[in-house]
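The structure follows.
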Amino acid sequence: MMLSKTYNPREVEDKWYQYWLDKQFFKSTPDHREPYTIVIPPPNVTGVLHMGHMLNNTIQDVLIRRARMRGYNACWVPGTDHASIATEAKVVAMLKEKGINKKDITREEFLGYAWEWKEKYGGIILEQLKKIGASCDWDRTRFTMDADMSEAVIDTFVHLYNKGLIYRGVRMVNWDPQGKTAVSDEEVIYKEVNSKLYYVKYRIASEEENAERMSEDWITIATTRPETILGDTAVCVHPHDERYEHLIGKNVIIPFVNRVVPIIADTYIDKEFGTGALKVTPAHDINDYELGLKHNLQVIDTIDEDGKMSPAAQFYIGMDRFACRKQIAIDLEEKGFLVKTEEIKNKNGLSERTNAVIEPKLSVQWFVNMKELAKPALEVVLDGEVKLIPEKFTNTYRHWMENCKDWCISRQLWWGQRIPAWYNEDGQFVVAKTEAEAVEKFKIQNFKSNNLKQDEDVMDTWFSSWLWPISVFDPSVCKGVNQPSNEDLAYYYPTNDLVTAPEILFFWVARMIMAGKEFRGQVPFKNVYLTGIVRDKQGRKMSKSLGNSPDPIELIEKFGADGVRMGMLLAAPAGNDLPFDESYCEQGRNFANKIWNAFRLVKGWEVTENTAQTDNALAIEWFDARLNQVLVQLEEQFEQYRLSEALMSVYKLVWDDFCSWYLEWIKPPFGEPIDAKTYEATIGYFEKLLKILHPFMPFITEELWHELRERTEKECIIVANYPVANEVNTAIIADTNTIFELIAQIRTIRNTKQLSPKEVLPLAVKTADRSIYERFTHTITKLANTQAIVFVDEKVENAAGFIIDKDEFFVDLGNNIDVAAERERMLLELNYAKGFLKSVMAKLGNEKFVANANPEVVAAERKKQADAEGKIALLEQSIAQLS
RNA sequence: GGGAGCUUAGCUCAGCUGGUUCAGAGCACCUGCCUUACAAGCAGGGGGUCACUGGUUCGAACCCAGUAGCUCCCACCA
């Protein structure tokens with residue numbers, strides 16, 4: 001049969017993925033086995049696959065495939081997130097292209113368009129996941145706005161509200177006066193701009209303050225927003241500012257409006273900035289708002305939702321805030337209040353959508369009280385019930401959980417679960433799952449219940465995705481604690497591992513833990529593997545706007561899914577950022593090719609029962625030991641989630657140990673058959689290697705698995721048993737290492753003397769114990785291409801030589817030896833050995849070392865001394881004889 | 001401003017309890033090879049003041065303190 005010289009991924013990937021699907025290998029239903037469960041971090045429903053997904057889902061697939069092979073009932077639940085902000089923005093943009101403005105259509109119409117959009121684009125990312133080999137149970141695919149998933153969110157809201165953990169409150173939001181909507185913090189872009197800093201003086205009110213008897217004292221504040229002066233309700237200074245200490249507690253008079261407001265003190269103030277005195281406008285600045293809360297200040301909202309001055313401002317009513325800024329500066333100057341202006345640089349928050357300057361604005365929002373929910377969620381991480389990997393994130397997690405503010409869950413959007421609160425005409429409200437229930441509740445409270453209106457806002461997307469690990473199995477249990485659950489939830493929950501990006505540790509991970517404890521009384525997962533962020537070569541985050549993100553699907557076409565998977569994993573230790581470069585995928589592709597060619601070699605052999613095994617038996621014994629050694633190592637590496645290290649271990653085992661050593665060792669001369677025993681063993685090893693490779697490179701391994709032997713329909717590697725480590729034969733490994741070193745030394749001589757690999761070299765050995773060389777004699781002559789070994793009692797004159805342990809080796813090259821160079825080399829080696837001995841003696845000569853160090857360490861040093869002395873003696877002899 | 005972390009070879013990173021796995025791996029690089037599985041390959045090789053300065057110790061890449069540079073998260077500059 002003719003096999004291509006290179007591995008061709010395209011021919012095998014789709015074929016096997018479809019095969020796995022057809023045979024339902026990804027499917028999981030509860031049974032007697034122990035479950036191993038992962039829920040996918042649901043990607044944005046309208047999203048397309050990017051490198052972050054690629055990394056994330058490759059890791060999940062490695063874990064799930066390994067678990068499946070190890071006999072667990074592996075269940076990976078896929079799905080998508082409705083992502084209210086992002087999706088709504090996309091739908092709005094799509095409508096705009098059609099010439100439709102969101103403001104001109106009803107909520108129902110808009111949602112119609114949104115669902116249409118979702119149906120059209122919602123499946124893309126999941127289809128892409130199949131291309132990378134993700135072995136999800138697709139029958140379990142979930143969407144956070146599936147009817148029952150949404151119902152769970154509503155139930156959750158009602159439950160928490162009834163428990164007193166959800167409340168309505170005033171909060172400062174980022175108001176976009178152009179879009180006339182609140183935007184999230186993530187949608188505000190801070191941009192440095194040149195601004196003017198206005199120094200304005202306020203008159204200090206006299207003691208028995210009245211307008212007639214004006215004091216002549218002033219305090220000067222500095223502001224970039226003089227138009228908000230009309231809403232000032234205090235002036236604030238630092239409590240230890242000598243310039244102002246005497247003024248604390250007095251009052252000042254706000255220009256124009258002549259409002260009398262207090263001078264308060266707070267350490268929030270930066271004494272160095274401006275004059276060290278701050279005007280406080282609680283309605284239009286987030287910090288001022290906090291100050292207002294702390295010091296009980298009046299809140300005067302002077303700017304309306306269009307960004308124009310409101311009636312409460314008293315002056316400039318209806319004027320745009322920026323026009324007002326210019327005008328008030330002129331007027332302040334005219335009236336003598338303006339001291340000076342300065343040019344400064346500061347940051348402006350701009351709306352990502354409209355580019356309008358964000359106006360901090362107070363509004364009524366819904367909140368979740370985090371105190372009670374955070375406490376158990378912190379405890380389970382601190383006591384290790386939930387493990388964060390890498391561990392360093394525990395500190396960050398703790399800091400956040402101890403200081404977390406209440407969670408604002410209302411969003412001024414339409415795409416999402418609508419807040420189940422109903423209002424009557426008087427502004428009274430109840431929270432209820434349905435309108436009918438709301439009517440009942442109004443009646444109980446004796447409120448008017450006609451003409452009820454539901455709250456216009458929807459809930460934060462995280463308020464649905466925090467239920468994900470529960471609701472994908474049983475959405476009906478989110479009404480409260482200890483609800484009876486279905487079989488799935490009982491079996492799969494808590495899940496095992498969660499794989500996600502550290503950026504959403506707080507947004508999502510922490511909240512899932514809270515929800516898990518609140519609604520199930522149990523954590524949602526045992527381990528959280530936090531991946532790094534995929535960056536480009538220059539260390540920049542990959543982003544659409546930069547255009548620096550390669551398309552994973554294109555990469556797969558170029559390097560094969562296995563190659564890209566391997567490329568992602570190679571350089572991605574947990575929690576470390578991954579500066580991505582295509583060359584990693586190239587390395588992955590090359591590796592796939594290497595495996596392919598090893599297969600071609602083995603497959604091409606003719607097998608015979610009539611040939612003796614010679615020292616192939618040694619090769620088998622050795623490789624078996626190495627394999628066991630690596631299996632033990634893999635166990636540890638997976639235990640610690642060191643996936644890139646695990647992959648590297650397998651990589652080296654396959655490339656170096658199996659291909660470079662083992663196969664070369666047993667490879668029959670061209671045209672000759674291989675003995676059946678060795679062949680069988682080799683196929684067995686190949687199978688084991690494919691198995692441990694399979695979680696990383698699912699496609700090529702499945703392909704070769706079937707090429708290696710005849711299999712029945714369901715005998716696939718995806719469900720084969722993962723190899724178990726046996727006891728490691730360390731003796732054979734040690735002996736073989738000596739032989740390998742010997743071979744390498746001969747190859748080095750060959751290389752430095754520029755001799756062809758085809759030239760057969762003589763080899764003489766001076767040793768006290770011939771047994772090992774006799775045992776490996778075939779191995780040596782074959783792999784180093786030497787004549788039969790000659791044992792000598794005397795040094796071979798004028799031969800190239802080297803020393804391993806106490807044994808001396810000679811390669812007689814006839815005239816082809818440069819005595820001077822040889823001497824030079826030996827002198828160098830001698831020098832090194834002497835230096836080494838010196839450092840060892842320094843240690844041993846140190847009484848404190850001998851007295852304090854562990855006995856084993858001292859013994860080890862003594863052995864070093866003996867070895868070094870032996871080597872020095874040998875070298876000196878050799879040098880003396882080289883003349 | 002608050003918090004967390006990083007700095008080891010050209011690049012990406014290991015180095016776990018201070019001492020033979022102590023200075024490592026992969027890639028890149030250099031030299032020689034189209035050797036009958038693979039040039040996407042084979043064989044060999046070079047390369048590091050472990051950021052800097054002190055301290056603890058018989059002994060420090062590792063522990064402690066300080067300095068410099070970098071990254072991330074949160075809060076944001078009136």
Side-chain angles (χ1 to χ4, degrees), chain A residues 3 5-7 185 190 195 197 221-225 228 236 268-270 273-275 277-281 285-288 344-347 349 390 392-400 403-405 502-503 505-506 532-533 535 537 539 559 563 570-573 575-579 581 583-584 586-587 589-605 636 640 642 644-645 647-649 651-652 655 659-660 663-664 667 669-671 744 747-752 754-758 785 842-843 846-854 856-858 860-861 863-864:
Chain A
L3 287 169
K5 272 176 105 170
T6 50
Y7 168 62
D185 292 346
Y190 288 95
S195 308
L197 186 62
I221 57 90
T223 180
T224 52
R225 300 199 58 194
T228 63
C236 188
Y268 160 72
I269 299 301
D270 174 6
F273 188 89
T275 62
L278 169 76
K279 67 190 261 324
V280 184
T281 324
D285 182 284
I286 180 72
N287 291 302
D288 291 14
I344 62 157
K345 277 193 167 60
N346 71 343
K347 274 190 225 165
K392 66 177 177 186
F393 285 108
T394 308
N395 285 333
T396 328
Y397 182 84
R398 183 197 353 221
H399 184 253
W400 190 75
N403 298 291
C404 74
K405 291 186 190 158
E503 323 164 275
L505 181 57
F506 311 128
I533 297 164
R535 297 173 178 281
K537 249 179 165 173
F559 299 107
L570 266 180
N576 262 32
D577 284 1
L578 158 57
D581 189 86
S583 65
Y584 287 116
E586 208 177 309
Q587 193 181 350
R589 178 202 61 181
N590 293 355
F591 185 47
N593 201 45
K594 184 74 185 176
I595 300 164
W596 175 254
N597 275 294
F599 162 73
R600 281 179 66 214
L601 174 69
V602 171
K603 202 63 193 170
W605 285 336
E636 289 169 13
Q640 298 174 66
R642 296 171 168 233
S644 53
E645 280 179 41
L647 175 56
M648 187 47 66
S649 299
Y651 177 81
K652 287 195 278 193
W655 199 307
C659 293
S660 295
L663 289 180
E664 292 299 331
K667 183 160 111 185
F670 182 65
R747 285 172 176 170
T748 307
I749 289 175
R750 203 185 277 284
N751 244 295
T752 48
Q754 314 253 353
L755 298 171
S756 157
K758 288 178 193 153
N785 197 19
K843 266 191 202 175
N846 183 333
E847 274 171 44
K848 287 186 179 169
F849 170 75
V850 179
N852 295 336
N854 279 340
E856 305 98 74
V857 175
V858 179
E861 289 300 314
K863 181 167 188 308
K864 277 197 228 172

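Each chain gets a letter, A, B and so on, in the order its sequence line appears, and its residues count up from 1.
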Legend entry - Rounded distance (Å) that lies between atom P of rG5(B) and atom CZ of R398(A): 10 Å
Inset, instruction - Give the rounded distance in Å between these two atoms: CZ of F506(A) and P of rA75(B). - result: 11 Å
Legend entry - Whole-Å C1' distance, rC76(B) and rG54(B): 37 Å
Inset, instruction - Tell me what L505(A) touches on the nucleic acid: a base, only sugar-phosphate, or nothing, going by heavy atoms under 4.0 Å. - result: nothing
Inset, instruction - Return the nearest nucleotide to the side chain of H399(A); candidates are rA78(B), rG3(B), rA37(B). - result: rG3(B)
Inset, instruction - Establish, with yes or no, whether the OP1 or OP2 oxygen of rG5(B) is under 4.0 angstrom from a side-chain nitrogen or oxygen of N395(A). - result: yes
Inset, instruction - Grab the CH2-C1' distance between W400(A) and rA75(B) for me, whole Å please. - result: 14 Å
Legend entry - Spacing of Q640(A) atom CD relative to rA14(B) atom C1', expressed in whole Å: 12 Å
All N/O pairs under 3.5 Å across the protein-nucleotides 62-64 of chain B interface:
none

Legend entry - Exercise: identify the closest heavy-atom pair between P757(A) and N785(A): O-ND2, 2.7 Å
Inset, instruction - Could you tell me whether the phosphate oxygens of rA43(B), OP1 or OP2, come under 4.0 Å of any side-chain nitrogen or oxygen in S660(A)? - result: yes
Inset, instruction - Round to a whole Å and report the spacing from CD of E503(A) to P of rU71(B). - result: 16 Å
Inset, instruction - Would you indicate what R750(A) reaches in the nucleic acid, counting non-hydrogen atoms under 4.0 angstrom: base, sugar-phosphate, or nothing? - result: nothing
Inset, instruction - Could you state the atom-to-atom distance from NZ of K405(A) to C1' of rA75(B) in whole Å? - result: 7 Å
Legend entry - Distance-only polar pair, side chains of T281(A) and K279(A), donor-acceptor under 3.5 Å: yes
Inset, instruction - Could you work out the separation of rA75(B) and rU53(B) based on their P atoms and round it to a whole Å? - result: 39 Å
Inset, instruction - Have a look at T748(A) and say if it touches a base, only the backbone sugar-phosphate, or nothing, with a 4.0 Å heavy-atom cut-off. - result: sugar-phosphate
Legend entry - Distance (rounded to the nearest 0.5 Å) between E645(A) CD and E636(A) CD: 10.5 Å
Inset, instruction - Could you tell me whether K652(A) contacts a base, only the sugar-phosphate backbone, or nothing, with contacts defined as non-hydrogen atoms closer than 4.0 Å? - result: sugar-phosphate
Legend entry - Stem regions touching RNA chain B, defined by at least 3 consecutive Watson-Crick or wobble G-U pairs below 3.5 angstrom: B:1-7 with B:68-74, B:10-13 with B:24-27, B:29-33 with B:41-45, B:51-55 with B:63-67
Legend entry - Nearest-0.5 Å distance that lies between atom CG in N590(A) and atom CD in E586(A): 6.0 Å
Inset, instruction - Measure the spacing between CD of Q587(A) and CG of L570(A) and express it to the nearest 0.5 Å. - result: 5.0 Å
Inset, instruction - Tell me what A592(A) touches on the nucleic acid: a base, only sugar-phosphate, or nothing, going by heavy atoms under 4.0 Å. - result: nothing
Inset, instruction - Starting at atom NZ of K5(A), determine the distance to atom P of rC38(B), rounded to an integer number of angstrom. - result: 5 Å
Inset, instruction - Can you measure from CG (L278(A)) to CG (D288(A)) and round to the nearest 0.5 angstrom? - result: 5.5 Å
Legend entry - Distance, P atom - from rC50(B) to rU7(B), rounded to whole angstrom: 14 Å
Inset, instruction - Can you label the angle between the W655(A) ring and the F591(A) ring as parallel, tilted or perpendicular, going by 30° and 60°? - result: parallel
Legend entry - N/O (side chain, Y651(A)) to phosphate O (OP1/OP2, rC27(B)) under 4.0 Å: yes
Inset, instruction - State the CH2-NZ distance between W596(A) and K5(A), to the nearest 0.5 angstrom. - result: 14.0 Å
Inset, instruction - Of all the heavy-atom pairs spanning K758(A) and R750(A), show the shortest one and how long it is. - result: N-NH1, 4.5 Å
Legend entry - Close side-chain approach of L663(A) to L601(A), heavy-atom, < 4.5 Å: yes
Inset, instruction - Output yes when at least one side-chain N/O atom of R642(A) is less than 4.0 Å from OP1 or OP2 of rA25(B), else no. - result: no
Inset, instruction - Looking at every strand, decide which applies to Y584(A) at a 4.0 Å heavy-atom threshold: base, sugar-phosphate, or nothing. - result: sugar-phosphate
Inset, instruction - State whether the distance check finds a donor on one side and an acceptor on the other, under 3.5 Å, for side chain R747(A) versus base rA43(B). - result: no
Inset, instruction - State whether the distance check finds a donor on one side and an acceptor on the other, under 3.5 Å, for side chain K594(A) versus base rC38(B). - result: yes
Inset, instruction - Could you measure between the two P atoms, the one in rC70(B) and the one in rC64(B), and give it in whole Å? - result: 24 Å
Legend entry - Considering all heavy atoms, the nearest K594(A)-C659(A) contact: CE-CB, 3.7 Å
Inset, instruction - Quickly work out the M648(A) CE to rG15(B) P distance and round it to whole Å. - result: 15 Å
Inset, instruction - Select base, sugar-phosphate, or nothing to describe what N287(A) touches, counting heavy atoms under 4.0 Å on all strands. - result: sugar-phosphate
Legend entry - OH on Y7(A) to CD1 on I595(A), rounded to 0.5 Å: 9.0 Å
Legend entry - Whole-angstrom distance between rC62(B) and rA28(B), as gauged at atom C1': 28 Å
Legend entry - Phosphate contact (rG41(B) OP1 or OP2) by N590(A) side-chain N/O below 4.0 Å: yes
Inset, instruction - For rU20(B), decide between syn and anti, treating a glycosidic angle within 90° of 0 as syn. - result: syn
Legend entry - Under-4.0 Å side-chain N/O to phosphate OP1/OP2 contact, K667(A) with rA37(B): yes
Inset, instruction - Scan E664(A) against the nucleic acid and name what it touches under 4.0 Å (heavy atoms): base, sugar-phosphate only, or nothing. - result: base
Inset, instruction - Have a look at N593(A) and say if it touches a base, only the backbone sugar-phosphate, or nothing, with a 4.0 Å heavy-atom cut-off. - result: base
Inset, instruction - For rC42(B), take OP1 and OP2 only and decide whether either is under 4.0 Å from a side-chain N or O of W655(A). - result: yes
Legend entry - Sugar-phosphate, base or nothing in reach of W605(A), heavy atoms under 4.0 Å: nothing
